[in-house]
Protein chains: 2
Amino acid sequence: MDLTATTTQLAGTLADLVRLLPAKMYDPVLAGVLITADRDGVLVRGTDRERGVRLRCAATVHEDGQVLVPAKPLAETLRALDAPQVRLVVEGSRLAVRVPGARFALPLLEADLHPGVAEPPARVGEVDGPEFAGLLSVVASVASRDDALPMLTGVRLRGGPNRPLSMVATDRYRLAIATLPWTGESEVDAMVPAALLVEAAKQAASAERVALHVDGDRAGLVWGDSAIVTSLLASTLPDEGKLLPTTVDAAVTVDADALAGAVRRVGLFSEGPQIVQLDLGDGEIRVHGGGQQVGEAEELVKAEITGGRPNPAYQLRYLTDALKAFAGKQVTLSIQPGRRGTMFTTDSGQLQYLVVPIRTQG
Amino acid sequence: MDLTATTTQLAGTLADLVRLLPAKMYDPVLAGVLITADRDGVLVRGTDRERGVRLRCAATVHEDGQVLVPAKPLAETLRALDAPQVRLVVEGSRLAVRVPGARFALPLLEADLHPGVAEPPARVGEVDGPEFAGLLSVVASVASRDDALPMLTGVRLRGGPNRPLSMVATDRYRLAIATLPWTGESEVDAMVPAALLVEAAKQAASAERVALHVDGDRAGLVWGDSAIVTSLLASTLPDEGKLLPTTVDAAVTVDADALAGAVRRVGLFSEGPQIVQLDLGDGEIRVHGGGQQVGEAEELVKAEITGGRPNPAYQLRYLTDALKAFAGKQVTLSIQPGRRGTMFTTDSGQLQYLVVPIRTQG
């Protein structure tokens, strides 16, 4: 194998591959990257058996071939190079990374021992890359990071012919639902690990169109000759329909950034649990918090308010995350009585974000 | 007390004060900042008994007065504000931080319980602010962070009438000596805690001239109406004179950034201890490292070499730090035999940086 590539491109491809695989890989074979040079350039592949990643990068190939070398050291070496072009060439038991005046030699691993990287399952439809990535990052941020309840760590992808694609995630205290148009070539209902899906979508966001590939066991994102495939979660989420607001006490429309700023400042004054309260008034929200020890904070934010005058309280972090999802927009909060969720939406309704309020003494 | 100030200025002053005091203060009185408003603006002061900080900020004072309030909450509140002007006003048992539409109320602490902030000792001379801060940050970076040997955590400041000011620090593996002109109004020989001195010098660097104030117990930096005072360390460093090179095997002059880049890349290939070796050749240094498991790396760097052809090896981190201190410059390495230190200098000789090499099998 012998090839020359643009250093930044190849370094970027390897960095993406490493980011998409688990940080710690104890099996040295799985910690390797399969590099294949052929007439189409260079293909890098890796797997941890649960997920598989395949990324392509342009290269001038002087001699075809395939090698397995430690992925992270190669990624770090490429990232550290200043030279615009880099050559990868097999020299004995080493893959030499060569730039003028320097040679970095990585040990070749036994490619025969590598289990291979699974190909994506059947294609079910296609979405807009940047739109998919943007909505997904919000929905997935709601998912739990605690593996104790696996279904809370996933994003449920659902759609079909003549139905949009929906993405749902919840950690029980928050629920996010996004819908977006897709080509809907087949029915799909799959629970995909949220953390990987976000990283995958970030890569895919560089592509205009991204194809979804799903079967009963696995899901994949495919763009150009690049693909990321992962095993599905075994359990799925309950239907989100019954969680949507039915009895709305009050509706507030407000500039999301203005409210987020006030929440951030008032949130600095928290005694014990990080809580802020919203008192709905006439044409304004009074954001307040604090206590005897830390002092008190209050800030007024202009808003359009219809319905009653409730005063719900929220976990600072949950309220902050919800408002961030609507940054730069007018957001409407539909407030339900008691501890029933507050729904955050915009006019488009593309994103629905439910936050469960906190019970307070007041 | 009642005053109005430019938010960014006052926020910056409070942030500086908080940074110059220990991060954790268990005594609520010492965790407070003394704020004094008078005809000259506002003075903020804090202490942990070991060190004292006094910073001034412009303000329009509507009513003189002095209060003690929790320093960090005030700093965080001011930093979070968007409004260009902020008003601080005493309201009952609270200091209210007011901007249009918002009020943040901090509890007043009992100012009578505060021990006060020590005034600086006698003035001994004056230095150029930015030059002092720049050299000091290099010298202090060499000092140890381990309190087990207090003298290694300090910077020794020495000078006198007709003698420049010198600053020395060492952690036994490295030694840095900087000299700079000063007014030398008195003899001085003081061991100042390195960590605080660096933070203090960063603040002082905004001033053109910084005065040094030293007596047998304390040292201070004073600029304008701002001052930082700290207790001295009890033990001092041995004389550095005998550590300076006497027998030089070889001298290498090289672009510090070019060598640092090669060291960084080769350093990625380290098996066990993070070591890189420099083989001196004809007009070039061969930087190399690695091992059977991780692979090998080598890079050639152009250099002017006189004397022998030794091949010293260094701890990656120590070599990297030393070269960073000479960033953008041509640096000369004077290499002594065996494990005796390698001296890094420039033509000006203002900074001398000694690094002890590693013993290798080679």
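In what follows, chains carry the letters A, B, and so on, assigned in the order in which the sequence lines appear, proteins first and then strands, with residues in each chain numbered from 1.
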Of all heavy-atom pairs between Gly46(A) and Leu17(A), which one has the smallest distance, and what is that distance? N-CD1, 3.7 Å
Test item: Val89(A) and Arg87(A) side chains (from C-beta on) under 4.5 Å apart, heavy atoms: yes
Note: vs chain B, highest number of non-hydrogen pairs under 4.5 angstrom among Pro107(A), Ala262(A), Ala102(A), Ala105(A) is Ala105(A)
Which one wins on heavy-atom pair count under 4.5 Å against chain A: Thr77(B), Val97(B), Val266(B)? Thr77(B)
Report yes or no: do Thr36(A) and Gln66(A) form a side-chain donor-acceptor pair below 3.5 Å? yes
Please classify the contact between Leu81(A) and chain B as side chain, backbone, both or neither, with a heavy-atom cut-off of under 4.5 Å. both
Pick one of side chain, backbone, both or neither for Arg265(A), based on which atoms fall under 4.5 Å of a heavy atom in chain B. both
Can a donor-acceptor pair be found between the side chains of Gln85(B) and Thr4(B) at a distance below 3.5 Å? no
Kindly assign one of parallel, tilted or perpendicular to the pair Phe344(B) and Tyr314(B), based on the angle between their ring planes and the thresholds 30° and 60°. perpendicular
Using heavy-atom distances under 4.5 Å, tell me whether Gln292(A) contacts chain B through its side chain, its backbone, both, or neither. both
